[in-house]
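For reference, the structure discussed in these notes is given below.
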Amino acid sequence: MPDNIDNLLTEGRRFAPSPEFVDQAVAGTELAEQAAADRLAFWAEQARRHVTWATEPTETLDWSNPPFAKWFADGRLNVAYNCLDRHVEAGNGDRVALHFEGEPGDTRTVTYAELTADVKRAANALLDLGVGPGDRVVIYLPQICEAVTAMLAVARIGAVHSVVFGGFSAESLRSRIDDARATLVITADGGWRKGQVSPLKPAVDAALAVDGESTVRHVLVVRRGENEIDWTEGRDIWWHDAVAAAAAEHVAEPFEAEHPLFILYTSGTTGKPKGILHTSGGYLTQVAYTHRNVFDLHPETDVFWCTADVGWITGHSYVVYGPLANGATQVLYEGTPDSPEPGRWWSLIEKYGVTLFYTAPTAIRGFMKAGREIPQAHDLTSLRLLGSVGEPINPEAWMWYREVIGGDVAPIVDTWWQTETGAIMISPLPGVTETKPGSAQTPLPGISVDVVDDHGDPVSNGEGGLLVVPEPWPSMLRGIWGDPDRYVETYWSRFGDRYFAGDGARRDADGDIWLLGRVDDVMNVSGHRLSTAEIESALVSHPIVAESAVVGASDETTGQAVVAFVILRNKKKKSLSPEEAVAQLRTHVAQQIGAIARPRTVFLVDELPKTRSGKIMRRLLRDVAEGREVGDTTTLADTSVMTVISEGMR
Ligand code: PRX
């Protein structure tokens, strides 16, 4: 994307919302006016409007010890109560919370009253297992109702969840369990993916069998795939048994606004994932505020569908906390978009009358490739707003999304945010903004962002630079679990008290923001974050590897793809054919980290390009991986190395 930014900025198409949309829009221009008049008063008002507090906060922001923020610090609330009981108390217990659809076609409709009852019992089951406030619970589940129930049950008792995406390996799971010192794991026997049961429990067993004492005392197992699993007596408990034995009534106790809500691990620039910590009151305020205003949610009539897995931040904020805090009705789908037939998603939109749809550009590009006949075979006229998240959306995909899925009328909101920001930061407001294909455009009311040069000076319109957030925001991360120094160093050391997002951005002539992708060694593959360093260390842990370098190369469908350059150990080279070595290495990375990290391409090379100080020049490897003329090599210790690499690959 950075290479064609000059083309992007000549993008002249503009789409104003229709008068009918504007007429009924939740958010108008008044939000920006209120936020501009008094930013903190604006957030205090959002906290009142979107959250039911057991004790109303009198303080808004404490920024006396930057970068450690406190929002609404003297307020008290229960997050699960806000997502459940209060809707039932308001007379909306019969409203559908979840239209669940399993991949094999099984369905379950869960109302707010039923979800509240399920969560109460699950909360009691956790208490019976000795889980208490502040304890960490790892959740490793498919996209099923129990994932939502489990997260809310943990939150309800003031424990802290750490959801690990079901595609991560046993090794990744263990390192997250250990880092969080979790005492309980909630998993399933398996879940449905691409027409088959994909087992999960064996990965938990393998993770807990790793040498060294684990902190985990119990494993709660949801029955879903009905696949055969091993059982450790005394440690493993069926979820349905624990829930059936638990009391039905549970009164939600309030916790402080800054009480930890969850840890979510994400990739950084080193081999060790960062446990991003989010807390309660500020997080809930901003996810509810953004969910309502960015998606123009009318909870009585809309059907919302966010396709993200609960294992990612998008699933936390826009499957669980935002929609449920707002009393929305939503679709929860377990499986893959094209299983058992390529139109599965579109048939779900038709079946449930989805009105608001939120997905990632990679999925859109995948559908573009498969052809517009597939969605066009379905009635998608219920859709009235479309969202995009996770990676830059190219104008071509944006236009296809608008025309083919949105019937040329539904506004598109391209939402920029991160695991660290907790909620949407930059996005059009659908009833206000004239949208531009490919641009996230403007910070939301209450949020300030800037694009700065290397010295931290704001760039002019038409210029590019680095994205920073100059003012703290309610759903900001509160730290990296167990590592305050890394928190300061990663986000706050480059530009003082301005948050450094790690993204490049450019302002157009109107001052609107176009996101250009990461400027650090973090890759974005299909909207999922991966670290080059983590994959490199997985590769060198294989006995045949002497050295490796990994880059994210542009890919038409997945945005970026993992490309590895590997030097094999001399002795091992002879015993394997190059094809065998490559196949082993791809499998090894998938086993170490998870299938999402499996390199698309592995190049076996004799040298890697390094500076005189020994730093690998990934920029040059990216040139090779993307088939470009290799750029400036003058800072290399050995300038002939790129010729060796390029020739060796032919
Ligand atoms: O590079 C940006 C990209 O995704 C990164 C955050 O990844 P993660 O923490 O996994 O969260 C993804 C879902 C919120 C960002 O640093 N990104 C996210 N949304 C956009 C985006 N890039 C361009 N446009 C977006 N709308």
Side-chain angles (χ1 to χ4, degrees), residues 26-27 31-32 35 39-40 42-51 60-61 69-72 77 79 82-83 151 155 161 163 257-258 260-264 266 276-297 304 306 308 310-326 328 330 356 358 360 385 387-390 413-430 440-449 467 469-479 491 499 501-503 513 515 527 529:
V26 169
L31 278 185
R39 199 178 83 93
L40 292 183
F42 172 82
W43 281 119
E45 167 60 19
Q46 300 312 316
R48 265 193 302 276
R49 191 178 297 177
H50 294 285
V51 175
T60 303
L61 169 66
K70 288 186 184 155
W71 282 88
F72 315 117
L77 76 159
V79 171
N82 273 275
C83 294
M151 289 166 76
H161 57 70
V163 184
E258 285 297 340
L261 180 63
F262 66 84
I263 304 166
L264 184 60
T266 188
I276 303 300
L277 175 67
H278 283 287
T279 60
S280 305
Y283 173 79
L284 196 67
T285 298
Q286 195 174 330
V287 294
Y289 156 76
T290 51
H291 181 255
R292 188 147 162 76
N293 291 295
V294 173
F295 298 110
D296 192 53
L297 177 79
F304 179 72
C306 165
V310 290
W312 307 107
I313 190 67
T314 309
H316 283 59
S317 301
Y318 301 106
V319 175
V320 181
Y321 293 108
L324 296 177
N326 286 335
Q330 58 177 329
L356 315 171
Y358 193 31
L385 178 138
S388 172
V389 60
V413 288
D414 173 8
T415 62
W416 178 90
W417 57 296
Q418 308 176 300
T419 305
E420 291 87 341
T421 69
I424 298 168
M425 303 288 278
I426 308 177
S427 167
L429 274 180
Q441 296 187 276
T442 45
L444 290 178
I447 299 295
S448 46
V449 299
L467 188 72
V469 186
E471 308 265 13
W473 64 102
S475 64
M476 66 193 280
L477 76 166
R478 299 301 195 266
Y491 305 107
Y499 170 86
D503 277 29
I513 293 171
L515 278 311
R529 243 162 102 162

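The residues of the chain are indexed from 1 along the displayed sequence. All values below were derived from every heavy atom in this structure, side-chain atoms included, with hydrogens, water molecules and symmetry-related copies excluded.
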Closest heavy-atom pair, P474 versus F72, reported as atoms and distance to 0.1 Å, is CB-CE1, 4.3 Å
So do M476 and Y499 actually touch side chain to side chain, heavy atoms under 4.5 Å?
no
Might you point out which heavy atoms bring P445 and A35 nearest each other, and give the distance in Å?
C-CB, 3.9 Å
Are the side chain of R39 and the backbone of G446 linked by a donor-acceptor contact shorter than 3.5 Å?
yes
Taking the side chain as C-beta and beyond, is there a heavy-atom pair between Y491 and L477 under 4.5 Å?
yes
Say you draw a straight line from CH2 of W312 to CG of L264; how long is it, rounded to the nearest 0.5 Å?
8.5 Å
Please evaluate residues N326 and H50 with respect to the criterion side chain to side chain contact (heavy atoms under 4.5 Å, CB included), reporting the C-alpha separation (whole Å), side-chain torsions for both, the decisive distance (0.1 Å), and the verdict.
CA-CA 8 Å; N326 286 335; H50 294 285; 4.1 Å; yes
Which atoms form the tightest heavy-atom contact between T290 and I424, and what is the distance?
CG2-O, 3.5 Å
To the closest 0.5 Å, what do you measure between OG1 (T285) and CZ (R49)?
12.0 Å
Would you please test L284 and L77 for side chain to side chain contact (heavy atoms under 4.5 Å, CB included) and show each step?
CA-CA 10 Å; L284 196 67; L77 76 159; 4.1 Å; yes
When the aromatic ring centroids of W43 and Y289 are compared, is their separation below 6.0 Å?
yes
When you compare the side chain of I447 with that of I426, does any pair of heavy atoms fall below 4.5 Å?
no
A side-chain contact here means heavy atoms from C-beta on lying under 4.5 Å apart; do Q418 and W416 qualify?
yes
If every non-hydrogen atom of A440 is compared with every non-hydrogen atom of L515, which pair is closest and at what distance?
CB-CD2, 3.8 Å
Would a distance-only check, ignoring hydrogens and angles, find a side-chain to backbone donor-acceptor pair under 3.5 Å from Y318 to A308?
no
Between the CG atom in N293 and the CG atom in L31, the distance rounded to the nearest 0.5 Å is 5.0 Å
Any side-chain heavy-atom pair from W417 and Q286 closer than 4.5 angstrom?
no
Quick one: closest heavy-atom pair of E258 and A69, and the distance?
OE2-O, 3.9 Å
In sequence, state the C-alpha distance, the side-chain angles, and the governing distance for W71 and T60, and then conclude on side chain to side chain contact (heavy atoms under 4.5 Å, CB included).
CA-CA 5 Å; W71 282 88; T60 303; 3.8 Å; yes
So, does T279 use its side chain to make a donor-acceptor pair with the main chain of L261 at under 3.5 Å?
no
Value for OG1 (T421) from OH (Y283), rounded to nearest 0.5 Å, stands at 10.0 Å
Answer yes or no: is there a side-chain heavy-atom contact under 4.5 Å between V26 and L297?
no
Nearest atoms (heavy-atom pairs only) where S280 meets V79
CB-CG2, 3.7 Å
Look up atom NE2 in H291 and atom CG in D296, then write down how far apart they are to the nearest 0.5 Å.
11.0 Å
I'd like to check Q330 versus L324 (side-chain heavy atoms, cut-off strictly below 4.5 Å). Are they in contact?
yes
Answer whether the closest heavy-atom distance between the side chains of T419 and H316 falls below 4.5 Å.
no
Interatomic distance, CD1@I313 vs OG1@T266, rounded to 0.5 Å, equals 9.0 Å
Aromatic plane relationship, F262 with Y321 - under 30° parallel, 30 to 60° tilted, over 60° perpendicular:
parallel
So, Y358 and T314: side-chain donor and acceptor under 3.5 Å apart, yes or no?
no
With sequence neighbours excluded, residues passing side chain to side chain contact (heavy atoms under 4.5 Å, CB included) with Q441:
P428, T433, T435, K436, S439, D512
When you measure from the side chain of S317 to the backbone of G422, do you find a donor-acceptor pair of N or O atoms at a distance under 3.5 Å?
yes
